[in-house]
Amino acid sequence: MSYGNVTYQSYANIPFMNVLPCITTNFGGDLQVATIPDYASAPIGIQLNGLAQQALTPPLAGLPNVQVPSQDQVNNYVNALFAPIANNIASSNINSNLANIKMTRDKLNAMLLDDKNKDHKDEINSLLDRLKKAEEELVELTTKTELSAAEALKESNRIGDEIRNIINDANNIGKAKTNKADDENQVDENEQVDNNEETDNEEVNENNETQGKKGYSDEALDIADEFYDATYSSSIGTDNDKFNAVCEYLNKDNIIDVMLAWEDSHSAEENESFMTAFMFDADRSQKIKYGKHIRNVLFKKAKELGISNECREDFAKIDKEMNSWIYVDNDVAKNYDNIIKKIAEKEGRTYNTEKFKYD
């Protein structure tokens, strides 16, 4: 058996018989040589043949010195990539939480001046103290340079959770006691007749006030105004701090009031609903974060009223958009508004979606 003039010394791509990057066979008394491209050369084959090494072009000339990074090096690299993102999120959280503190403090201070809340002053002052502590923690967090970006983000989220708890407690001040008082203070028929004229006058005044506002509170109007300032009034685009603060402030007890207040006071300018303005002003991260939050708030309210099943198709479309990998379709605002309309109707109120544009 003869291989003729082809040897491992005379042909650069034959470093060693039957070892990649070539293979030799002898079928029918003839020599067959099979090779693969230089870039696929096996290190063992290159090492056995200097000619093969010389045939490779830089930067692959010679045996590559491949080093596998250690776990610490990988962690440091990942942390370096994550740090600026975490810093931005933490900074945004801090600013949004400070805005929420201001809104809640203004509300609680206004409640202290209202004689209707004289029995709840201790509760209100306690919430103000909690707000003050949360604000101090936020300010202190901005000075803690020894914290990593991830630690700062975690701490800002913790303080944010406490602020949301304070907001929820502020929204529920006096509700349980008021219901109990209503049960305990039933008057007999004669007393009701005697005081009928005075009661009727009070109810007429109250109804005139609420019907003029479609049943929403002054607080809801203030929140709608804040959102208008964030989305329409800012000369430099969306005021993200106000935008985020308003979205975080929304809960199942105030969301319909806010939507009605927006419709009544701000929708005429561009024929936009609150949710349409939200979709067109929010960036992708805001759409997903606060879009899911508003969706969950509406679901809690719909479930409370026993109509969540009636809204299931709209909730399904919202869920699909909130989990989109590419982009969130702004037209999903219509699905939010469909749910808001059904909830408002269940509560005996009107939410006129026909006036809104969605494209």
Side-chain angles (χ1 to χ4, degrees), residues 96 164 167-168 171 213-217 219-221 223-224 226-228 230-232 238 240 243-359:
S96 297
R164 281 185 283 275
I167 292 171
N168 184 64
N171 289 330
K213 299 177 180 178
K214 303 184 69 174
Y216 54 79
S217 65
E219 179 194 3
L221 184 58
I223 296 173
E226 285 285 311
F227 195 71
Y228 177 83
T231 55
Y232 279 71
T238 303
N240 287 315
F243 185 100
N244 296 343
V246 168
C247 292
E248 290 181 1
Y249 200 82
L250 295 174
N251 57 60
K252 71 178 182 66
D253 295 319
N254 67 19
I255 188 165
I256 303 302
D257 279 5
V258 173
M259 300 300 157
L260 292 174
W262 174 277
E263 178 201 348
D264 210 22
S265 61
H266 296 301
S267 66
E269 183 170 339
E270 296 289 343
N271 292 325
E272 288 186 335
S273 67
F274 181 102
M275 290 309 304
T276 306
F278 168 90
M279 284 295 167
F280 277 92
D281 273 67
D283 60 27
R284 176 176 169 77
S285 64
Q286 288 171 318
K287 286 179 182 179
I288 293 175
K289 178 179 179 179
Y290 296 117
K292 288 182 178 180
H293 169 68
I294 294 172
R295 179 264 185 217
N296 292 335
V297 166
L298 288 172
F299 183 79
K300 290 177 183 177
K301 190 63 179 179
K303 187 174 181 181
E304 182 181 272
L305 296 173
I307 61 170
S308 58
N309 194 53
E310 297 177 28
C311 306
R312 61 193 304 270
E313 291 185 6
D314 287 305
F315 278 123
K317 290 180 180 179
I318 291 172
D319 290 341
K320 181 179 180 180
E321 286 303 319
M322 292 302 108
N323 290 301
S324 174
W325 283 17
I326 303 175
Y327 72 98
V328 176
D329 189 345
N330 290 338
D331 285 347
V332 75
K334 188 172 184 178
N335 299 109
Y336 283 93
D337 285 337
N338 289 341
I339 297 170
I340 294 165
K341 181 177 181 178
K342 290 177 182 178
I343 294 175
E345 288 176 348
K346 184 68 174 180
E347 294 181 332
R349 299 191 279 181
T350 302
Y351 186 64
N352 186 8
T353 58
E354 287 76 14
K355 67 173 69 172
F356 302 139
K357 65 178 182 181
Y358 296 99
D359 49 26

Does [atom1] in [X] sit with more than 12 non-hydrogen atoms of other residues, nucleotides or ligands closer than 6.0 Å?
{"X": "R312", "atom1": "CZ", "result": "no"}
{"X": "E313", "atom1": "CD", "result": "no"}
{"X": "K342", "atom1": "NZ", "result": "yes"}

- Message: Checking salt bridge (charged side-chain N to carboxylate O under 4.0 Å, His left out) between D257 and each of K252, K301, R349, which is the one that passes?
- Response: R349
- Message: Go through it in stages, so that I can follow the logic: the residues are T353 and D337, the test is side-chain hydrogen bond (donor to acceptor under 3.5 Å, both in side chains), and I'd like the CA-CA distance, side-chain angles, deciding distance and then a yes or no.
- Response: CA-CA 7 Å; T353 58; D337 285 337; over 6 Å; no
Heavy-atom closest pair, residues [X] and [Y]:
{"X": "V297", "Y": "N251", "value": "CG1-C, 3.2 Å"}
{"X": "I343", "Y": "L298", "value": "CD1-O, 3.7 Å"}
{"X": "C311", "Y": "I339", "value": "CB-CG1, 4.0 Å"}
{"X": "L221", "Y": "S265", "value": "CD1-OG, 3.6 Å"}

- K289 and E248: side-chain contact (heavy atoms from CB on, under 4.5 Å), yes or no, with the steps? CA-CA 10 Å; K289 178 179 179 179; E248 290 181 1; 4.0 Å; yes
- Is the distance between the ring centroids of F356 and Y351 under 6.0 Å? yes
- Item | F299 ring center near F315 ring center (under 6.0 Å) | yes
- Do the charged groups of K346 and E304 touch, with an N to O distance under 4.0 Å? no
- Message: Would T276 and N330 count as a side-chain contact (heavy atoms from CB on, under 4.5 Å) here? Give the steps.
- Response: CA-CA 7 Å; T276 306; N330 290 338; over 6 Å; no
To the nearest 0.5 angstrom, please state how far the [atom1] atom of [X] sits from the [atom2] atom of [Y].
{"X": "M275", "Y": "K334", "atom1": "CE", "atom2": "NZ", "result": "15.0 Å"}
{"X": "K320", "Y": "D329", "atom1": "NZ", "atom2": "CG", "result": "10.0 Å"}
{"X": "N352", "Y": "S267", "atom1": "CG", "atom2": "OG", "result": "8.5 Å"}
{"X": "I167", "Y": "D253", "atom1": "CD1", "atom2": "CG", "result": "12.5 Å"}

Closer than 3.5 angstrom, by distance alone: can the side chain of [X] be matched with the main-chain N or O of [Y] as a donor-acceptor pair?
{"X": "D264", "Y": "L260", "result": "no"}
{"X": "W262", "Y": "E272", "result": "yes"}
{"X": "E321", "Y": "I318", "result": "no"}
{"X": "N296", "Y": "H293", "result": "no"}
{"X": "Y336", "Y": "G291", "result": "yes"}

Judged by modelled atom types alone, do [X] and [Y] share a side-chain donor-acceptor pair under 3.5 Å?
{"X": "E263", "Y": "Y216", "result": "no"}
{"X": "Y228", "Y": "E269", "result": "yes"}
{"X": "Q286", "Y": "N240", "result": "yes"}

- Message: Walk me through whether M279 and Y358 qualify under side-chain contact (heavy atoms from CB on, under 4.5 Å).
- Response: CA-CA 10 Å; M279 284 295 167; Y358 296 99; over 6 Å; no
- Task: Dump the intermediate steps for side-chain contact (heavy atoms from CB on, under 4.5 Å) on Y232 and E270, then the final yes or no.
- Result: CA-CA 10 Å; Y232 279 71; E270 296 289 343; 3.4 Å; yes
- Message: Students often mix this up, so state it plainly: with edges at 30° and 60°, are the rings of F278 and F243 parallel, tilted or perpendicular?
- Response: parallel
- Pairwise side-chain contact, F274 with V246, heavy-atom cut-off 4.5 Å (strictly under): yes
